[in-house]
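The next block holds one structure in the form of structure tokens; read it before the comments.
Computed from a predicted model, the values in this text were never measured in an experiment.
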Amino acid sequence: MHLMKLQEKYFDYIKYGTKQYEVRLNDEKRKKIKKGDLIEFSKEPLQEEKMIYEVEDLIYFKNFEDVVRKIDIKLLASEDESIQNFLDSLNQFYKKEEQDKYGVVVIKLRKNFDFVIEKNYLSTISSNDNIFKRVKDNYANFSEWYLKLCNENEECYFTKKDNKVTSILILKINENDSQQIYEKNVLKIRTLDVLDNSKGIGKFYLKIVNDIALANNINMVYVTCKKNNDQFIKFIKNNKFKLDKEIADEMVFIKEIL
């Protein structure tokens, strides 16, 4: 997963507008980007609001002027943005000498029209939100767990539709539960729930899980669920998780990251 900062208006152009391409200097850092990789965009200046997109394609140009001659400005920013303002903004960060040296890469973002994966502190989602209903029904200590994670400034991934949270993913690196002890270098899926019927959200979350594991040199992911959660069990089995153990009314599934 690659990390990129974006000015507020360009962040919003992607999230709410028509912007489907991100333009960067093709320096050593950008040369590492490949098709299928994930990019986590952070909204400046606070960088608290984030969203995740997949790289659909990479297109290479000599300089930024070459880009705007061949790609519609509304796909690079917005139809309300002038080409000159867009160029001025890019040239402010990257000098012509740098463009001549490295060239420019245009990153085409895979557009998930049904959902946008966002990332923010768990505390930005109310404990009374409907997304937590299944967790509350299954775990009596939900309130304590939720407060603990909020106090630790835990972040989560989520989607929204009509201003309601429709899915959520919470992860933890190197968490050793009292009954589920594994080697230190593991990634736990603390919570994964999808209320939205949009296809692909669950698989996109698992792609995020995989990328985070690889970025942290983690070779195993695990998740627990109740034995009666047939739908979730089917989903994770279909995505190469294997049953490792059963503890009381819970099942523990693991997946090796290659």
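Using a 4.0 Å cut-off between a side-chain N of Lys or Arg and a carboxylate O of Asp or Glu, Lys50 and Glu118 do not qualify as a salt bridge. No salt bridge links Glu250 with Lys227; every basic N to acidic carboxylate O contact stays at or beyond 4.0 Å. Under the 4.0 Å criterion applied to side-chain N and carboxylate O atoms, Asp66 and Arg69 are assigned as salt-bridge partners. Using a 4.0 Å cut-off between charged side-chain N and carboxylate O, Arg134 and Asp137 make no salt bridge. Salt-bridge check for Glu97 with Lys101: failed, with every basic side-chain N at 4.0 Å or more from each acidic carboxylate O. Salt-bridge check for Glu54 with Lys35: failed, with every basic side-chain N at 4.0 Å or more from each acidic carboxylate O. Between Glu79 and Lys74 there is no salt bridge, since no side-chain nitrogen of the basic residue lies less than 4.0 Å from a carboxylate oxygen of the acidic one. Ionic pairing of Glu22 and Lys19 is present here: one or more N-O contacts between side-chain nitrogen and carboxylate oxygen are shorter than 4.0 angstrom.
Between Ser89 and Gln7 the shortest side-chain heavy-atom distance falls below 4.5 Å. Inter-residue side-chain proximity for Phe86 and Ser82 is flagged as unmet; no heavy-atom pair is nearer than 4.5 Å. Counting only heavy atoms from C-beta outward, the side chains of Ile168 and Ile125 approach each other to under 4.5 Å. Side-chain atoms of Val67 and Leu90, non-hydrogen and from C-beta on, never get closer than 4.5 Å to each other. At least one side-chain heavy atom of Tyr121 sits less than 4.5 Å from a side-chain heavy atom of Glu48. Put simply, the side chain of Val221 reaches to within 4.5 Å of the side chain of Phe241, judged on heavy atoms. Contact of the Phe64 side chain with the Leu76 side chain is not registered, since no non-hydrogen atoms from C-beta on lie closer than 4.5 Å.
Note: Tyr10 and Tyr13 have perpendicular aromatic rings, judged against thresholds of 30 and 60 degrees for the angle between ring planes. Using cut-offs of 30° and 60° on the angle between ring planes, the pair Phe115 and Phe204 is perpendicular.
Counting heavy-atom neighbours within 6.0 Å of Gln231 CD, excluding the residue itself, gives a total of 12 or less. Around the CD atom of Glu152, the shell of radius 6.0 Å holds more than 12 heavy atoms that belong to other residues, nucleotides or ligands. Residue Lys133 qualifies as open at atom NZ: its count of foreign heavy atoms under 6.0 Å is 12 or below. The number of heavy-atom neighbours closer than 6.0 Å to NZ of Lys31, taken from other residues, nucleotides and ligands shown, is above 12.
A distance of 8.0 Å separates CZ in Arg24 from NZ in Lys29, rounded to the nearest 0.5 Å. Residue Cys225 holds its SG atom at 11.5 Å from CG of Asp193, rounded to the nearest 0.5 Å. Annotation: the span from Lys172 atom NZ to Leu149 atom CG amounts to 8.0 Å, rounded to 0.5 Å. Rounded to the nearest 0.5 Å, atoms CG (Leu75) and OH (Tyr21) are 6.0 Å apart. If you take CD1 on Ile236 and CE on Met251, they are separated by 8.0 Å, rounding to the nearest 0.5 Å. The CD atom of Glu8 lies 8.5 Å from the CD atom of Glu49; values are rounded to the nearest 0.5 Å.
When atom types are taken as modelled, the side chain of Asn85 and the backbone of Glu81 share no donor-acceptor pair closer than 3.5 angstrom. Remark: the backbone N or O of Tyr94 is paired with a side-chain donor or acceptor of Gln99 at under 3.5 angstrom.
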Can you check ring pair (Phe, Tyr, Trp, His ring centres under 6.0 Å) on Phe142 and Phe132, steps first, answer last?
-> CA-CA 9 Å; Phe142 167 80; Phe132 294 122; 5.3 Å; yes
Give the intermediate values and the outcome of side chain to side chain donor-acceptor pair (under 3.5 Å) for residues Gln84 and Asp88.
-> CA-CA 6 Å; Gln84 191 56 54; Asp88 289 345; 2.9 Å; yes
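Residues Thr18 and Ser78 share a closest heavy-atom pair of OG1-CA, 4.3 Å.
Ring centroid separation for the pair Phe41 and Phe11 does not come in under the 6.0 Å cut-off.
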